[in-house]
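Numbers for residues simply follow the sequence, beginning at 1.
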Amino acid sequence: MPVDAVLVGAGARGFGAYGAYALSHPEDLRFVAVAEPDERRRSRFGEDHGIPPSHRFGNWEELLGQPQLASAAINATMDGDHLPSTKGLLGHGYHVLLEKPIAATPADCVRLVQAAADAGRLLQISHELRYAPFFRAVHDLVRSGRLGEMVSLDWRENLSYLHFAHSYIRGRWSNSATSTPMIVSKCTHDMDQILWIVDRVPSRIASFGSLRHFQSKHADPAIPERCTDGCPIEQDCLYYSPRQYLGSRRWGAISLADLQHGPYGRCVFRSDNDAVDHQVVIVDFQDGPAVSLTMQGASHVEGRTLRIDGLQATLVASQARNQLIVHDHGTGEAETISPTIMSGSHGGGDEGLVAAFVAATLDDHSPISTSGAESLESHLMAFAAEEARMTGRVIDMEEYRARWPVGRSGP
């Protein structure tokens, strides 16, 4: 029998990743209820999954006003809603798969890990890259010992310039007051991967970065607030919104009216954004390698790149090319590895993530990666990096962890 689940948040992730998995694997997962404030999204998801109107709720509070409707819940709400909604779901008896980040502050992340432990419920965080063949290949190659002792790891999170403009200038993650800092909202994936690959506890973190380019001081006074208000540089501007959105389904169905009145029509130099457009994080692992993480929003192509230097070989890898190249120091030869390409988002990682959650829900002893307790460290790293960036200090991670103690780890 499939695992029955409720979905909280039927937006891009809820509908496109988790909903799609249930439709393609009905023997594994079945949604029996949905909670979504947007009536159109709620109806669309309800119709696709055969959910009766009585089990379609306007928000998670309405859902929790009912008796427990399933054994599992998938929470794909916005960052600021993670703490109250997940705490409520755990307390109501649900095992929960939660979108990253865990919560909007370090203290709230710890509260949710503790809430899962207290409720005796599973809390899994959606670090789906651990299940993607490309990143599993990187991890397994390092674990095989082929590179020898790791000396350094250079990791780059390359956001395409249009993705950055859509999500972090005009979109929902543009302002830390209503979301979370860029290094938290975007790069907890990268922090998790670094921890997974290095397999050591970080000791110190430093970080530098800022919002340098996308500010009003860089806009000529003749440039209007909106691209649709007669921009004099529309032919030359890379971020001219009608050209980016109209006729394209990549960003969802965005109309001319949306551009005239909504956030995606704003000039990138005249928005209320404060998300950094570049940031570098340096992580010191005691008795381990030096690690650098670079996040920037001006790439020509989307995808992470990395270089790992070991005493025996060097690995250079590109997610966009689905390519790992191992340069052997002894022979001078280079081997190219192309991991299996899987369908679905995040290079097949979403499918593996949901399958692992379903298995763990059915069997308490099923191995699970990225539990809330395990994912807490990557989140503390991200929040510490933001504090380091804001203060200019090097953060001692042992002291930082002591600020946010956990009573006991979750299941």
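Residues in residues 76-99 take part in these salt bridge (Lys or Arg N to Asp or Glu O under 4.0 Å) pairs, two or more places apart or across chains: R13-E99. Within the structure, salt bridge (Lys or Arg N to Asp or Glu O under 4.0 Å) contacts touching residues 255-269 (residues at least two apart or in different chains) are R266-D272. Within the structure, the salt bridge (Lys or Arg N to Asp or Glu O under 4.0 Å) test picks out the following pairs touching residues 175-188 (sequence neighbours left out): E157-K186.
A distance of 6.5 Å separates CG in L147 from CD1 in I308, rounded to the nearest 0.5 Å. Rounded to the nearest 0.5 Å, atoms CD1 (I169) and NE2 (H213) are 10.5 Å apart. One distance of note links OG of S203 with CG of D284; it measures 3.5 Å at 0.5 Å rounding. In this structure, CD1 in I337 is found 5.5 Å from CG in L141, a value given to the nearest 0.5 Å. Summarising the geometry, atom CZ belonging to F31 is positioned 4.5 Å from atom CG belonging to L29; distances are rounded to the nearest 0.5 Å. Going from atom CE of M182 over to atom CG of L159 covers 5.5 Å, rounded to the nearest 0.5 Å.
Remark: T188 pairs with no residue by the side-chain hydrogen bond (donor to acceptor under 3.5 Å, both in side chains) rule, at least two apart or across chains. With sequence neighbours excluded, no residue forms a side-chain hydrogen bond (donor to acceptor under 3.5 Å, both in side chains) with N322. Shown here are the side-chain contact (heavy atoms from CB on, under 4.5 Å) partners of H261, two or more places apart in sequence or in another chain: there are none. A search for side-chain hydrogen bond (donor to acceptor under 3.5 Å, both in side chains) contacts involving W155 returns D190, not counting sequence neighbours. For P52, the side-chain contact (heavy atoms from CB on, under 4.5 Å) partners at least two apart in sequence or on another chain are S54, H55. Applying the side-chain contact (heavy atoms from CB on, under 4.5 Å) criterion to A298, with sequence neighbours excluded, gives Q296. Take R200 and apply the salt bridge (Lys or Arg N to Asp or Glu O under 4.0 Å) test, not counting sequence neighbours, and it matches no residue. By the side-chain contact (heavy atoms from CB on, under 4.5 Å) test, R30 pairs with M1, P2, D4, V32, sequence neighbours left out.
At a threshold of 4.5 Å between non-hydrogen side-chain atoms, the residues L306 and L315 count as touching. The shortest side-chain heavy-atom distance between S378 and F383 does not fall under the 4.5 Å cut-off. For the pair L112 and D108, the minimum side-chain heavy-atom distance is 4.5 Å or more. Inter-residue side-chain proximity for S369 and Y131 is flagged as met; some heavy-atom pair is nearer than 4.5 Å.
With respect to R56 and E39, no salt bridge is recorded, no charged nitrogen being found less than 4.0 Å from a carboxylate O. Between D309 and R307, at least one side-chain nitrogen of the basic residue sits less than 4.0 Å from a carboxylate oxygen of the acidic one, meeting the salt-bridge criterion. Between R204 and E399, no side-chain nitrogen of the basic residue sits less than 4.0 Å from a carboxylate oxygen of the acidic one, so the salt-bridge criterion is not met. A salt bridge is absent between R44 and E36: the closest approach of a Lys/Arg side-chain nitrogen to an acidic carboxylate oxygen does not fall below 4.0 angstrom. By the 4.0 Å N-to-carboxylate-O rule, E128 lies too far from K100 to be salt-bridged with it.
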Exercise answer: donor-acceptor pairs, residues 227-239 side-chain atoms, under 3.5 Å, sequence neighbours excluded:
{"unit_1": "E234", "atom_1": "OE1", "unit_2": "Y240", "atom_2": "OH", "d": "3.4"}

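A cation-pi contact, defined as under 6.0 Å to the ring centre and within 45° of the axis, is absent between R121 and Y94.
Partner of H166 under the side chain to side chain donor-acceptor pair (under 3.5 Å) criterion, chosen from Y245, Y161, W251: Y245.
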